[in-house]
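Have a look at the structure below, then the notes.
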Amino acid sequence: MLRSHTCGQLRSQDIGKSVTLCGWVENNRDHGGSVFIDLRDRYGLTQIVIGPPEAESSLIDAAGRVSSESVILVRGKVAPRLVGKVNEKLQTGEIEVRCEHMEVLNPCPTPPFTPSQPELPGEDLRLKYRFLDLRRPAMLQAMELRSKIIKIMRDYFAHHDFIDVETPILGRSTPEGARDYLVPSRVHGGKFYALPQSPQLYKQILMVAGFDRYVQVAKCFRDEDLRADRQPEFTQLDMEMSFVDQDDVIGMIDGLVQRTVKEVKGMELPLPLPRMTYQEAMSRFGTDAPDLRFAMEIVDISQIAAEVDFRVFRDAVDKGGFVRGLNVKGKASDFSRRRIDELTDYVKQNFAAKGLAWFRVEQDGALWSPTSKNFTDVELREIGQAMQAEPGDLVMFLADSWEVTCKGLAGLRKRLGAELNLYSEDAMSYSWVTQFPMFEFDAEENRWIAMHHPFTAPLAEDLEKLKSDPGSCRAQAYDLVINGSEAGGGTIRIHDGQTQQQVFELLGIDQQTARDRFGFLLDALKYGAPPHGGIALGIDRWVMLFAGLENIREVIAFPKTQKASDLMTEAPGEVDAKQLRELHLRAF
RNA sequence: GGCGCGGUAGCUCAAUUGGUUAGAGCCCCGGACUGUCGAUCCGGAGGUUGCGGGUUCGAGACCCGUCCGCGUCGCCA
C-alpha cells in the first residue's frame, strides 16, 4: 500500500504519528509562506500543511503549484490544529498533516469541471466526464446506497434459502412485450439472439427443475423510449418461489421492505403493507401506481352530472363516460385564472382531455366559476357536498371517458401534490396493488394483449371467464408501489399446459407459434411443474426512491441519455465492414 | 413519432423592443501574502453565441432546417 491511512481516518488521537496519505487535490490555498492542500479520497478530506519548519522552500513552492484534481502522495506528522482553527465541517477537522515529503503521482490539467464546484455542470458534461462526476460526494453516496441496498437484498434472500442462479444474457426473442435488443449470430446467418427483457422464462424453468427458491440480481434490456425513471438497461432483483400463492410472495417482499427501511432509514415499518385492488386504485387515484404520501383522492360525481343542464357534464355521462374530480383543499387563493389555464392546457395536451371544469368554494360555501350559471343552486350544493367542499377549496373536474379521467386526474394529482408540497420531502409510502386485469384490448391491432405477460395465472374464480369475458378476467398479479412509482411487479404463473394453451389462444398465439417460441416452456410445464410465482424489483428505482432522488441516472454509474447513447464511450458506435460481413449484415 | 424547455468564455449564468466593442462570478495564467479552509489583494488571458441557411441597414435574440441534452405523451408483456 502506498498509503498508511485514508483521508477520512485521522483524528486527534493520531497526533504525533507519521503517516502517508494519497488522494486528489481538492483545493490548494497558497499563502506564500505556507500552502494548505485539501486532500480528498473516497473516505474524506484531510488538510495538508506545507510550511516551515518541516518543509523546505522548494517543497513549499512545488506544493503551491500543484493543480486541482492532481493525484499526490504526502508524508508527514499528524499535528493538532492551532487554537481556534478547528474546522467543524470536517471529520478530520481537529488535525492536519504537516508535510515533510510530497510526490505528484499524476498531475491533472484543468478539468472541464471540478467535483467541488458550487454549480452542478450540465448533465451532458457530467455524463461525458463521468469519472469526474462520480468523484462528487452526492454520486458516491448514491452508489454506496445502491451497494448497501443490493447487499441487504442478497443477505435477506440468502437467509431465506434462496439460490442465486445466473441466467443467460443471450437468449431468444419472444413475441409480446417490449422491443428487444438483438444480437446477430455469426454462426447462424440471419438469426439473432435477444437480450433478456427479464429472466422470466428461465426462472420458471428453474422452478420446474425443483430449485424451489431462486434469486438473481439481473440485468434487463428493453429497447423503448426513456424517461426520468427508465433506462434501456436496468437491474432487477428477480426472484421466484415454488408451492406459494400471492400472499406468500407479497409477505416475503413485505419483510424485505421492512428490513430495508430499517437499515436505510433507521425506521420501524409496520407490516403488512397496505394493499388495494387495481380497480380501487383506478377509482381513487386514477393510476395503478398511486402515491399515498398525500390524500386528494378522486371523487366520482357522474350520478349528479347526469342530471344537470351543463352539456359538458351531461353529454359525457350520456356517452358512457364519467365526471370525476379532485378537491384541492384550501388552495383556491393560490390559483389565478392563468394558473388554472396552465392546468387546463396540461390535461389537454398530455391526456387528450377536452377541458378542465373548476369551481372556487366561496366564503358562504357556494361553488363559483365562469360556468356555474349552467347549474342550479341545488346541483352546485350536491356537487359541493360530494366533494366535501369547504370555503377556500378549489374543485376541478374532467368529464370524459374512464381512461381519460383516470389519466388526466392522476396527472393533475401528481403534479399538484409536488407543486403544492402536499407531502414532506422525506415521506415514503409503500403499498401493493393487486388483481390486475389479465388482458387489455388493443384497439389498433384489434386483439387482446397480456397486461403483464402471457404466463400470468388468472384468479381461480375468474378462470371460467377466460373465454367468455376476457376483459373482466383478473390476474394473480401484484405490483409494489413506492411513492407513486412501480417499484416491483410479479405474478403467480400458470403451471399447467392446458391453461397456458388457452391464454396463448386468446392472445392470438397459435399452436405453431407457441411451440416455436415457447416449446421448451410448454414441455417443462408438462414434465412436473410445481405451482410457482415470484416478483422482480426495480433495483435502480429502489435506490432512487430511498435516496430521495427524482432521476434514475443519478443512481447508475454509467447511464445512457434519452436517445440511449453513452456520452463517455460514445456507444453505440460504428463497426468495421468486416464485422458486419461476418454477421451477415449490411448497414443502410 | 408528437408536444414543451434548453444550447452564449473551461464551468454556471446575464445580455432591455432586433442596435455601440457580447458581460459577470467561478476556473485558469502572472504577481503579492506566515494560518487558510468558498482564503484575500493586484493584474491578465479567455467567445465560430451548437451547426447550416434565411429575413434585415443591423441577428445571441426573429424565421426555416438540422444536431445534441432534458421533461413529457405515445411506447415500456
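Each chain gets a letter, A, B and so on, in the order its sequence line appears, and its residues count up from 1.
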Donor-acceptor pair present, Asp225(A) side chain and G74(B) base, under 3.5 Å | yes
Could you give the distance separating G38(B) and G6(B) at their C1' atoms, to the nearest angstrom?
-> 29 Å
Between A9(B) and A22(B), how far is it from one C1' atom to the other, in whole Å?
-> 10 Å
Here the distance between atom C1' of U34(B) and atom CD of Glu54(A), to the nearest Å, is 13 Å
Measure from CD on Gln197(A) to C1' on C75(B) and round the result to the nearest Å.
-> 12 Å
Respond yes when some side-chain nitrogen or oxygen of His31(A) is under 4.0 Å from OP1 or OP2 of U34(B), and no when none is.
-> no
Rounding to the closest angstrom, what is the interatomic distance between G30(B) and C64(B) at atom C1'?
-> 48 Å
Expressed in whole Å, how much space separates the C1' atoms belonging to C68(B) and G25(B)?
-> 27 Å
If only side-chain N and O atoms of Lys563(A) are considered, is one of them under 4.0 Å from the OP1 or OP2 phosphate oxygen of C68(B)?
-> yes
Of U36(B), G2(B), C75(B), the nucleotide closest to the side chain of Gln47(A) is U36(B)
Under 4.0 Å between any heavy atoms, over every strand shown, what does Asp223(A) touch: base, sugar-phosphate, or nothing? Just pick one.
-> nothing
Is any side-chain nitrogen or oxygen of Gln562(A) closer than 4.0 Å to OP1 or OP2 of G71(B)?
-> yes
Is any side-chain nitrogen or oxygen of Lys407(A) closer than 4.0 Å to OP1 or OP2 of G74(B)?
-> yes
For the side chain of Arg222(A), counting heavy atoms from C-beta on, which of C3(B), C76(B), C73(B) is nearest?
-> C76(B)
Indicate whether OP1 or OP2 belonging to G35(B) is found under 4.0 Å from a side-chain N or O atom of Asn87(A).
-> no
For Gln349(A) and for Lys85(A), find the nucleotide of RNA chain B with the closest heavy atom, then tell me which residue's nucleotide is more 5'.
-> Gln349(A)
Roughly how many Å is it from CG in Leu125(A) to P in C26(B), rounded to a whole number?
-> 20 Å
Please report, rounded to the nearest Å, how far the C1' atom of G1(B) is from the CZ atom of Arg179(A).
-> 11 Å
Below 6.0 angstrom between ring centroids: does that apply to Phe221(A) and Phe234(A)?
-> no
For the residue pair His453(A) and Phe455(A), categorise the inter-ring angle as parallel (less than 30°), tilted (30 to 60°) or perpendicular (more than 60°).
-> tilted
Just how far, in rounded Å, is P of A32(B) from CG of Asp61(A)?
-> 10 Å
Rounded to the nearest 0.5 Å, how far does CG of Leu409(A) lie from CD1 of Ile298(A)?
-> 4.5 Å
Using atom P of each nucleotide, how far apart are C73(B) and C63(B) to the nearest Å?
-> 27 Å
Tell me whether the OP1 or OP2 atom of G69(B) has a side-chain N or O from Thr561(A) closer than 4.0 Å.
-> yes
The Watson-Crick or G-U wobble partner of G4(B), with both key distances under 3.5 Å, is C70(B)
Sugar-phosphate only, base, or nothing, as touched by Phe36(A) at under 4.0 Å among non-hydrogen atoms | base
Residue-phosphate contact under 4.0 Å: Arg29(A) side-chain N/O, C33(B) OP1/OP2 | no
Glu554(A) atom CD is separated from G69(B) atom C1', nearest whole Å, by 14 Å
Distance between the C1' atoms of U17(B) and A61(B), in whole angstroms?
-> 11 Å
Taking only side-chain nitrogens and oxygens of Arg230(A), does any of them come within less than 4.0 Å of OP1 or OP2 of G74(B)?
-> no
Are the charged groups of Lys560(A) and Glu233(A) less than 4.0 angstrom apart, N to O?
-> yes
Do Ser173(A) and Asp180(A) pass the side-chain hydrogen bond (donor to acceptor under 3.5 Å, both in side chains) test, and can you show the C-alpha distance, the side-chain angles, and the key distance before you say yes or no?
-> CA-CA 7 Å; Ser173(A) 182; Asp180(A) 284 320; 2.6 Å; yes
Please say whether the positively charged group of Arg42(A), taken as NZ for Lys or CZ for Arg, lies over the ring of Trp24(A), i.e. under 6.0 angstrom from the six-membered ring centre and within 45 degrees of the axis.
-> no
Thr46(A) and Glu96(A), any side-chain heavy atoms less than 4.5 Å apart | no
Can a side chain N or O of Ser565(A) be found less than 4.0 Å away from OP1 or OP2 on G69(B)?
-> yes
Whole-Å distance between G38(B) C1' and Lys89(A) NZ?
-> 7 Å
Residue met sooner reading RNA chain B from 5', once Asp38(A) and Glu440(A) are mapped to nucleotides = Asp38(A)
Less than 3.5 Å between a donor and an acceptor, one on the side chain of Arg81(A) and one on the base of C37(B), is that the case here?
-> yes
When we call it a touch if two heavy atoms are under 4.0 Å apart, what does Gly93(A) touch: a base, just sugar-phosphate, or nothing?
-> nothing
Where does the angle between the aromatic ring planes of Phe504(A) and Phe518(A) fall among parallel (under 30°), tilted (30 to 60°) and perpendicular (over 60°)?
-> parallel
Which of these nucleotides, C27(B), A39(B), C75(B), is closest to any side-chain atom of Thr110(A)?
-> C27(B)
Pick the P atom in U16(B) and in C62(B), then give their distance to the nearest Å.
-> 11 Å
Look at all strands and tell whether Leu226(A) reaches a base, only sugar-phosphate, or nothing, counting heavy atoms closer than 4.0 Å.
-> nothing
Would you give the length of the straight line joining atom CG of Asp291(A) to atom CZ of Arg413(A), rounded to the nearest 0.5 angstrom?
-> 6.0 Å
Among C28(B), G35(B), G69(B), which nucleotide sits nearest the side chain of Arg98(A)?
-> G35(B)
Across every strand shown, the nucleotide meeting Watson-Crick or G-U wobble geometry with G52(B) (both distances under 3.5 Å) is C64(B)
Using the P atom in both, what is the distance from G53(B) to U12(B), to the nearest Å?
-> 27 Å
Selection from C33(B), C11(B), C28(B) that lies nearest to any side-chain heavy atom of Gln117(A) = C11(B)
Taking atom C1' of G69(B) as reference, at what distance in whole Å does atom OH of Tyr129(A) sit?
-> 15 Å
OP1 or OP2 of C68(B) sitting under 4.0 Å from any side-chain N/O of Lys128(A)?
-> no
Please tell me which of the listed nucleotides, G35(B), C11(B), G69(B), lies nearest to the side chain of Glu96(A)?
-> G35(B)
In Watson-Crick or G-U wobble terms, both distances under 3.5 Å, what is the partner of U12(B)?
-> A24(B)
Is C41(B) paired to anything, Watson-Crick or G-U wobble with both distances less than 3.5 Å, and if yes, which nucleotide?
-> G31(B)
